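What follows is one structure encoded as structure tokens, with my remarks underneath.
Order of the sequence lines sets the chain letters (A, B, ...), proteins ahead of strands, with each chain counted from 1. Computed from a predicted structure; not experimentally measured.
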Amino acid sequence: MSIHIYNSLTRKKELFEPYTPGHVQMYVCGPTVYDDAHIGHARSVVVFDMLVRYFKKCDYTVTYIRNFTDIDDKIIQRARALNITTEALAQKYIDAFNRDMDALFVRHPDKEPKATSHISDIIELVETLIQKKHAYVVDGDVYFSVTSFTDYGHLSGRKLEDMAAGARVDIDERKHNPHDFALWKSAKPGEPFWESPWGKGRPGWHIECSAMSMTFLGQSFDIHGGGKDLIFPHHENEIAQSVAANEKPYAKYWVHNGFVNIDREKMSKSLGNVVLIKDLVDQYPPEAIRLLLLSSHYRSPIDFNEQAMHDAVSGLNKLYAALERLEPFTPSDTEAGDLWQRFCVSMNDDFNSAQAIGFLFDAVRYINRCLDESASFNEKDTQNIAQIHADILKIGDVLGLFHQTPAEYADTQQKRLSKGQDAAIEQLIAERIQARKDKNWARADEIRSQLTDMGIMIEDRADGTRWKYMEA
RNA sequence: GGCGGCAUAGCCAAGUGGUAAGGCAGCGGUCUGCAAAACCGUUAUUCUCCGGUUCAAAUCCGGAUGCCGCCUCCA
């Protein structure tokens, strides 16, 4: 079984061959913790969570690192506005981030280092770069010299000459080249700082990822991930400073996820259309958010809107309904079945979860048909269905779905949508059940109509009447 | 100005040379007292448009149009 990954560095799908066979070392850029996490953060986190889950299912050992950027201009600014320390602000949003991602059933990386916990690693790296003449000191600031690194621009596909034509570079006479970037920034009065050989200051943005990835994964590792927007300048600069310092290849495969748009517009604070995870998980089943996020290929843009979210909830309901029907068929723990095999073929092709989810729904239709057609099964059929049950659960384990039993899911939905009138509803339901017993269809339908107006959906099953809240 | 991406049904979305997955919505049917759920059938003779290569193109090449991203903090 071989996995192919699209590598942003080569712009091709490549066979995945980790440095150490059977071991995946992966570093993903985490959030700058100065505000609540939004759906865009969720996409990146969920996509790489899926990668890790899949690698593990394929029997790889995975070392997964995701950082928190807990010191930068925005954090300083925000902390000042709130009159709290940068540490307090960062911790507040680290906690918020973890809460949100836990709600989305995201597994924690093996390490979640903070930039400020690795100041000495960062200083050491900057010193190496100065020694090797890739960086220079000006008034307590340290800059990386882009012209000292011949491969600069490789990842993002740009040339320094072309970029110079662009107007949007700040003019700073002290820099040797306008594209030289800060490795270390001297502290202005009132700013938080750490002592360094160049005076009081703090790390630049890019250097922390180089330092932390090296600390935990070594100088060369397998996968470096993040949002597409990080390709330039962040990842370009990371490569430059890491390769310049180590004189060894940095990450082998660069994986970048696409953006989430909101109603066909870019999500941004200025447009005021930022969708926060904490709001979303109140409104929708968290797994529906995952399903939506994974229903498009990870490199494609996703348009997030109410309709898309609604579709995802419908899909998730269908999957859980099927799982409930499958409960009598205890999942077999034998070899993986055809469904799992097909799932893997899609996932092996650059993690095509969109196609893979198609197979999941194929399987659901198949088992629904089987269960509709017959009430009793011979041993062979039973085994077949149990196998599909096992495969569906295994797929769910990779996509991060089905963390609940169907009953728990229904219950959670109920609680989420409940408007505190459950008792009144139960009473109407009981009355309707009696009316149906009496074959008083007019009364039964009248009650159903009344419940529909209250947002209640009724299902009269062979084993009794059920009701649930309809999605808003 | 430089670099890159995308265009597939009412909506969402796979498919990168062999004759259009899947989801949501709709319609017809089975089931049901009637519904709901589920299932069956149906919904793109065609993949933005125009050329080219090929026995064969949604897929490759050239061109046009439209949309979007990055180049500034950004997942």
Side-chain angles (χ1 to χ4, degrees), chain A residues 8 11 13 28-32 34-35 37-48 72-74 77 153 156-159 161-170 179 205 225-234 236 256-261 264-269 291-292 295-297 299-303 305 307-319 321-322 324-325 342 346 349 352-373 436 439-442 444-445 448-449 452 457-462 465-468 470:
Chain A
S8 302
R11 294 162 197 246
K13 276 185 203 172
V28 175
C29 290
T32 300
Y34 73 105
D35 208 344
H38 54 63
I39 184 71
H41 294 111
R43 183 177 194 189
S44 176
V45 169
V46 166
V47 161
F48 290 103
D72 92 320
D73 291 347
K74 292 188 296 290
Q77 204 182 341
S156 55
R158 31 193 115 211
K159 298 181 187 123
E161 310 90 80
D162 295 339
M163 283 160 50
R168 298 200 276 190
V169 273
D170 56 329
H179 293 95
W205 174 34
K228 248 185 175 114
D229 55 313
L230 296 178
I231 291 174
F232 190 90
H234 185 53
E236 193 70 71
H256 293 101
N257 64 275
F259 258 42
V260 179
N261 296 317
R264 299 182 55 79
E265 279 189 311
K266 178 168 173 167
M267 179 169 60
S268 73
K269 296 214 163 138
L291 186 62
L292 169 60
S295 289
S296 299
H297 185 90
R299 284 189 279 120
S300 305
I302 288 182
D303 191 51
N305 53 59
Q307 157 107 48
M309 203 57 245
H310 174 267
D311 291 356
V313 174
S314 300
L316 186 66
N317 287 341
K318 185 176 198 156
L319 295 173
E324 187 183 3
R325 298 189 77 180
R342 262 177 299 167
S346 296
D349 183 14
N352 192 341
S353 56
Q355 187 176 65
I357 287 169
F359 293 144
L360 190 59
F361 281 103
D362 281 340
V364 164
R365 186 151 35 82
Y366 174 75
I367 64 104
N368 274 326
R369 186 166 55 216
C370 291
L371 268 43
D372 277 359
E373 278 171 0
R436 292 185 72 227
K439 298 207 189 300
N440 184 353
W441 309 126
D445 292 349
R448 181 168 59 200
S449 160
T452 303
M457 169 109 74
I458 284 178
E459 277 185 53
D460 296 321
R461 301 189 178 209
T465 294
R466 287 197 190 186
W467 64 274
K468 63 174 186 180
M470 291 183 277

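- Rounded to the nearest Å, the gap between the P atom of C55(B) and that of C70(B) is 44 Å.
- If you check C67(B), C24(B), A75(B) against the side chain of Arg264(A), the one that comes closest is C67(B).
- Protein atom OH of Tyr366(A) is 21 Å distant from nucleotide atom C1' of G23(B), rounded to whole Å.
- Side chain of Ser296(A), nearest nucleotide from A25(B), C71(B), A14(B): A14(B).
- Of the listed nucleotides (C34(B), A75(B), C73(B)), C34(B) has the atom at the smallest distance from the side chain of Asp445(A).
- Straight-line distance from the CG atom of Asn261(A) to the P atom of A7(B): 15 Å, rounded to whole Å.
- Candidate nucleotides G15(B), G33(B), C34(B) were compared by shortest atom distance to the side chain of Gln355(A), and G15(B) ranks first.
- We find that CZ of Arg325(A) is positioned 9 Å from P of A38(B), with the value rounded to whole Å.
- Of the candidates G69(B), A35(B), A14(B), A14(B) carries the atom nearest the Ala354(A) side chain, counting heavy atoms from C-beta on.
- Centre separation under 5.5 Å together with a plane angle under 30° does not hold for the ring of Phe259(A) and the six-membered base ring of G69(B), so they are not marked as stacked.
- For the pair Leu292(A) CG and C24(B) C1', the interatomic distance rounds to 12 Å; values are reported in whole Å.
- In summary, Arg466(A) and Asp460(A) do not engage in a salt bridge, as defined by a charged side-chain N under 4.0 Å from a carboxylate O.
- Rounded to whole angstrom, the span from the CZ atom of Arg466(A) across to the P atom of A38(B) amounts to 13 Å.
- In this structure, the CE atom of Met267(A) is 13 Å from the P atom of G69(B), given to the nearest Å.
- Looking only at atom types and distance, the side chain of Glu265(A) has no donor-acceptor partner in the side chain of Asn261(A) under 3.5 Å away.
- Closest approach to the Arg369(A) side chain among C40(B), G23(B), A38(B) is made by C40(B) (side chain taken as heavy atoms from C-beta onward).
- For His38(A), the side-chain atoms get nearest to A75(B) when compared with the rest of A14(B), A38(B), A75(B).
- For Ser300(A), whose side chain is taken as the heavy atoms from C-beta onward, the closest listed nucleotide among A75(B), A14(B), C34(B) is A14(B).
- Distance from the side chain of Asp460(A) is smallest to G33(B) among G33(B), G22(B), A14(B).
- Counted by atom type alone, Thr32(A) and Asp72(A) present zero donor-acceptor pairs between their side chains at under 3.5 Å.
- One C1' atom belongs to A58(B), the other to C50(B), and the distance between them is 16 Å to the nearest Å.
- Spacing of C1' atoms, U19(B) relative to A44(B), comes out at 14 Å, to the nearest Å.
- Remark: Lys318(A) is in phosphate contact with C24(B), judged by side-chain N or O atoms under 4.0 Å from OP1 or OP2.
- An aromatic stacking contact links Trp441(A) with the base of G33(B), defined here by ring centres under 5.5 Å apart and ring planes under 30° from parallel.
- Within the 4.0 Å cut-off from OP1 or OP2 of G22(B), at least one side-chain nitrogen or oxygen of Arg365(A) is found.
- Using modelled atom types and a 3.5 Å distance limit, the side chains of Arg299(A) and Asn257(A) yield no donor-acceptor pair.
- Nucleotide C73(B) holds its C1' atom 8 Å from the CG atom of Asp72(A), rounded to whole Å.
- Relative to the side chain of Phe361(A), the nucleotides G33(B), A36(B), G22(B) differ in distance, and G22(B) lies closest.
- Spacing of P atoms, G62(B) relative to C73(B), comes out at 34 Å, to the nearest Å.
- Salt bridge Arg325(A)/Asp372(A): present, at least one basic N to carboxylate O contact under 4.0 Å.
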